[in-house]
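In what follows, a structure is listed as structure tokens, so that the remarks can point back to it.
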Amino acid sequence: AQQYEGRYGLASRCKLCTKEVHALLKVLKAAHPRPPEGTACERCQRQPTTLGTRGRGLSCDHCHETGEFRGWICTSCQK
């Protein structure tokens with residue numbers, strides 16, 4: 001599902017860039033599997049809440065320039 005964040009509901013990046021990002025995330029998530037439920041955020045060390053996050057407690061954090069994996073962080077630390 002592509003996110004529509006831009007003005008008038010337009011995609012914020014082109015289809016090619018979106019495909020590249022999804023491919024990178026697939027590789028990162030394969031190399032660094034999601035930690036078990038109840039694992040604390042690697043940044044703030046708090047237990048993530050799944051309230052209002054569609055069941056996602058932790059998200060894959062990575063550098064957008066180098067593609068380096070940083071860890072699994074809560075949605076509060078994502079912002």
Side-chain angles (χ1 to χ4, degrees):
Q2 188 172 4
Q3 290 184 339
Y4 295 99
E5 302 169 359
R7 192 171 187 180
Y8 306 114
L10 300 175
S12 60
R13 50 184 149 198
C14 70
K15 287 184 181 183
L16 180 60
C17 293
T18 301
K19 284 176 97 173
E20 288 177 2
V21 168
H22 286 294
L24 172 64
L25 284 173
K26 186 175 181 179
V27 169
L28 287 175
K29 288 178 179 180
H32 306 277
R34 183 179 292 277
E37 193 170 326
T39 302
C41 171
E42 293 182 27
R43 182 183 261 170
C44 67
Q45 303 305 316
R46 290 184 285 167
Q47 290 293 324
T49 177
T50 56
L51 183 65
T53 60
R54 288 184 244 128
R56 297 173 294 152
L58 296 173
S59 298
C60 178
D61 184 34
H62 64 284
C63 177
H64 288 237
E65 293 178 12
T66 65
E68 179 184 359
F69 177 78
R70 294 183 194 149
W72 290 94
I73 62 170
C74 66
T75 52
S76 297
C77 289
Q78 261 185 319
K79 299 174 184 171

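Keep in mind it's a predicted model, so treat the numbers as computed, not measured. All heavy atoms count here, side chains included; hydrogens, waters and symmetry mates do not.
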Sub-3.5 Å donor-acceptor pair from the side chain of Arg70 to the main-chain atoms of Arg43, do we have one?
no
Considering non-hydrogen atoms only, spot the tightest contact between Thr39 and Pro35 and give its length.
OG1-CB, 3.6 Å
Within the supplied structure, the quantity of interest is the number of heavy atoms (other residues, nucleotides, ligands) at a distance under 6.0 Å from Glu68 CD; does it exceed 12?
no
With rounding to the nearest 0.5 Å, note down the distance linking [atom1] in [X] to [atom2] in [Y].
X: Leu24; Y: His22; atom1: CG; atom2: NE2; answer: 11.0 Å
X: Cys77; Y: Glu42; atom1: SG; atom2: CD; answer: 10.5 Å
X: Trp72; Y: Cys60; atom1: CH2; atom2: SG; answer: 5.0 Å

Decide whether Ile73 and Leu28 are clustered together by the hydrophobic rule: side chain heavy atoms of Ile, Leu, Val, Met, Phe, Trp, Tyr closer than 4.5 Å, transitively.
no
Do the side chains of Leu25 and His62 get nearer than 4.5 Å, heavy atoms only?
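Yes - at least one pair of side-chain heavy atoms lies under 4.5 Å apart.
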Any Cys74 side-chain heavy atom under 4.5 Å of Cys44 side chain:
yes
